[in-house]
Amino acid sequence: MRLRTMLQSFARVLIVTMALVWTLYPLMWIVLSSFKPASEQFMIPPRWTPSQWSLENYARFFSNAEFVRSLLNSMVVTATAVGISLLVGVPAAYGLSRFTFRGKHQVTVGVLLARMTPPIVLVLPVFLIARRLGVIGTYFVLITVMAVFAIPFAVWMLRGFFAEIPKELEEAAMVDGCSRLAAIARVTLPLTAPGMAATSVLNSLIVWNEFLFILVLSSPATRTLTVLVNTFVSEKVVDWGTMSAAAVITALPLVIVGLASQRHLVRGLTMGSIK
Amino acid sequence: MGGAAGMKRGTWRDLLLATLCIMAITLSAAGVAASGITVVSEFGIHTEAWKTRVAAFTEETAITVNVIQYPYANYLDQLTLNFTGGRPNFDVAYISGLWYPSFATAGYITPLDQLFDDPADLADIPGLDLARQRDHIWIAPYMNEIGGIAYRRDLFEDPVEKARFQERYGYELRPPQTLREYRDVAEFFHRPPDLYGVTLMGRRSIFLATHFMNRLWARGGTILDEELRPAFDGPDGVAALEETKAMFQFANPAARNYDFQEALTEFEGGRSAMAELWTTGLLYADDPSVSTVVGKASFARFPQDASAVGQRLPALYIFWGFAVSSASPKKDAAFKFVEFMTRADQQALAAPGRNIPSRLSALDSPRLRSLHPWLAPFQDVLRNVVPTPLVPLIPEGNIIMNEYLVPEISAYIAGEKPAKQALDDAAGRVERLLRENGYYD
């Protein structure tokens, strides 16, 4: 019996290790490449670790004139678009989960249409509209478009969380003298905080990593990090070292946010899934 | 009531402020180009070269320049999107010489004839002839390069190696001039795993096609004949393709998956005696931060078939240059910019380490020659070949090469088809495409 338990534990560890190696291998390669000098990027046979650890690639990336601006742009666009998605998504999700009205099902599915359409199909009309309005290259268009993509995700995620909170809790608060808005603010929203955290983190991932729309709609002044990373690919050569450093730096803020909100994220995701 | 009214006023004030902020951001971004011209480009070393002369241009003309750069991988899409959108956000576009035919056909760019009305320009800029279609010059060549052989001068000039080669092959070791010499030299230096005879690019890409084209042209062949019918599937084409595959025996086995980057890295790392590369590769080989062969590499034209030695044959030619948008409201300023940047003195000042000037006279710059001694043989090659574009300069050129020819060449190299069948299949598809597009009416 004990042997069987040990074997099961071993198998579990083995499977998890294999899954981690499978998923982390490319990431590890990128991280290690970011510390390799240019002459070691393409050694044959490939060299896993650099012979001399070098911060040269990071220095080159940090010294890029566009780095600070792109980082700030990523932060501004992501924070604002995710904020807007919550501002719009919370009441919309609440309404869809609590109230019954004609066409509710169609509205719920309709919200998802923007996400169901392949981005490449939308990019041309969005570009032409933005061009017509003269807003190409502005934060306004980037934030608006990113929010448009983030809102449906927020609505669908939060709808499940709201549905999980018993109506009776709000009714009890209202019996105690709260208005509906006060009941939502004091009872429902605090209970769905993990769900909102999870939604925000996942939406941040989507917006932070967006490339196509940002590329098409931004100007050098409003370009974000994902576009900047791609600038190290030229016609014939790729600056793999700097690009790897850029990829690490670009991913780092989200990894930190993910780790910091890990507790809420797991709780929120679990909560939403067992409605 | 008063509180509600105050709140409403406050709300409206906040909304107004927010709207004004958004308008300010919008206008500030849109207004960047109002005071000068806007030049759009990719991120690349030759762009970095001409960017160093922008301040001098502004000083000379009082015209300010706003440069917008896009990642290379998305640059053509971005340009096309801007052109088709009707109001491009730039006055000048720095583009590949392969792209201008479709832009010119669609009317997106304007002729530059007035900038090159001096007949001397035609002799000084080898690419200018390729920039001309329908009696107009559409693009001003700025950067150019040739597909040829980068080789290790230190190995070729080593007395011991020279003596050994002489003893083994019965003639002097030198940069190969014929296809047979090329095979001999590659075989001689092929000492795996430390040194390979030649570096090739075998991945299924346009780079692989360059090996085929080099050999096709070395035999006097061509991709399309004068009537634009495919002409690459004859005996010369078959021989060229078979020889492409045969040369891989003197290359690193990994070269079957090489692209330009990997090939360059192998040559820079001193692991091959020769590399079938483009001239730009020499700029990187001279960069001590990435190369172990700094000052040891030089350039030679691609060898010719013994029967064609001495003839002025086509050579793979690539150029990038400036085109002016038809929609630009500041064409005069845009022309001044193009004229300034393509002047020989400005090209020479901008070039070190980043660019290979399109003007032969710029290549005479003593400063450039001392930094890159291989510019002398490069200039010599340029004078003695017929610069021929990587793809036919018709709007279908990229499709012909990338979608029809490259897959078939790759299929042959991978052993999936005989050479003749692969080329016939490609030729059939090319002919069908061009017929459907009305070329043979």
Side-chain angles (χ1 to χ4, degrees), chain A residues 37-46 54 56-57 60 64-66 76 120 123-144 211-212 214-223 226-241 243, chain B residues 21-30 32-33 42-48 66-75 77-78 81-82 84-87 89 96 145 193 207 252-255 258-266 268-269 271 277-278 280-281 284 287 289-292 318 320:
Chain A
S39 57
E40 290 184 18
Q41 293 293 341
F42 281 96
M43 296 209 71
I44 297 168
S54 163
E56 192 185 321
N57 296 318
R60 201 173 305 132
N64 186 299
E66 291 194 25
V76 167
I120 195 73
V123 75
L124 183 62
V126 168
F127 172 80
L128 292 175
I129 292 167
R131 164 65 55 93
R132 186 90 180 166
L133 295 175
V135 291
I136 289 279
T138 62
Y139 290 111
F140 171 71
V141 72
L142 299 182
I143 290 166
T144 305
F211 173 74
L212 181 64
I214 302 282
L215 172 77
V216 169
L217 300 173
S218 67
S219 69
T222 52
R223 194 172 274 163
T226 45
V227 179
L228 185 66
V229 171
N230 212 30
T231 62
F232 299 103
V233 181
S234 66
E235 186 190 16
K236 296 193 196 72
V237 296
V238 181
D239 185 350
W240 287 109
M243 204 165 147
Chain B
C21 283
I22 290 167
M23 282 173 67
I25 292 168
T26 308
L27 290 174
S28 65
V32 170
E42 49 117 31
F43 283 92
I45 54 172
H46 25 111
T47 296
E48 294 309 311
N66 172 43
V67 180
I68 300 176
Q69 287 173 271
Y70 292 103
Y72 170 76
N74 313 90
Y75 180 42
D77 294 337
Q78 197 70 27
L81 201 56
N82 264 286
T84 50
R87 279 184 298 166
N89 58 349
S96 163
E145 58 180 330
F207 298 104
N252 187 334
Y258 280 1
D259 215 329
F260 188 88
Q261 172 76 67
E262 292 89 346
L264 181 61
T265 305
E266 182 168 282
E268 284 168 348
R271 298 199 308 277
L277 284 176
W278 299 342
T280 299
Y284 293 95
D287 178 355
S289 70
V290 293
S291 172
T292 60
I318 288 177
W320 279 68

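What you are looking at is a predicted structure, and each value in this text was computed from that prediction instead of being measured. In what follows, chains are A, B, ... by sequence order, proteins preceding strands, each numbered from 1.
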Least distance between heavy atoms, B:Val67 atom then A:Pro220 atom: O-CG, 4.5 Å

When only pairs under 4.5 Å are counted, which of A:Val216, A:Leu128, A:Val123 shares the most heavy-atom pairs with chain B? A:Val216

Is there a side-chain contact (heavy atoms from CB on, under 4.5 Å) between A:Thr231 and B:Gln69 once you walk through the steps? CA-CA 9 Å; A:Thr231 62; B:Gln69 287 173 271; over 6 Å; no

Once you round to the nearest 0.5 Å, how far does CZ of B:Phe43 lie from CG of A:Leu228? 7.0 Å

So CG of A:Asp239 and CD1 of B:Ile45: to nearest 0.5 Å the spacing works out to 11.5 Å

The salt bridge (Lys or Arg N to Asp or Glu O under 4.0 Å) partners of A:Arg131 (sequence neighbours excluded) come to none

Is chain A contacted by the side chain of B:Tyr284, its backbone, both, or neither, given a heavy-atom distance below 4.5 Å? side chain

State, to 0.1 Å, how close A:Ser234 and B:Gly44 come at their nearest heavy-atom pair, and which atoms those are. CB-CA, 4.2 Å

If you take all heavy atoms of A:Leu215 and B:Tyr70, which pair is closest and at what distance? O-CE2, 4.2 Å

What do the steps show when you test B:Asn82 against A:Phe127 for side-chain contact (heavy atoms from CB on, under 4.5 Å), and what is the final call? CA-CA 9 Å; B:Asn82 264 286; A:Phe127 172 80; 4.1 Å; yes

Okay, B:Glu42 and chain A: the region with an atom under 4.5 Å from a heavy atom over there is side chain

Test item: A:Val227 and B:Pro71 side chains (from C-beta on) under 4.5 Å apart, heavy atoms: yes

How long is the span from the NZ atom in A:Lys236 to the CG atom in B:Leu277, to the nearest 0.5 Å? 10.0 Å

Looking at residues at least two apart in the chain, or sitting in another chain, which of them share a ring-ring contact (aromatic ring centres under 6.0 Å, His included) with B:Phe207? B:Phe260, B:Trp278

Residue B:Thr280 versus chain A: region with a heavy atom under 4.5 Å: side chain

Tell me, side chain or backbone of B:Leu81 under 4.5 Å from chain A's heavy atoms, or both, or neither? both

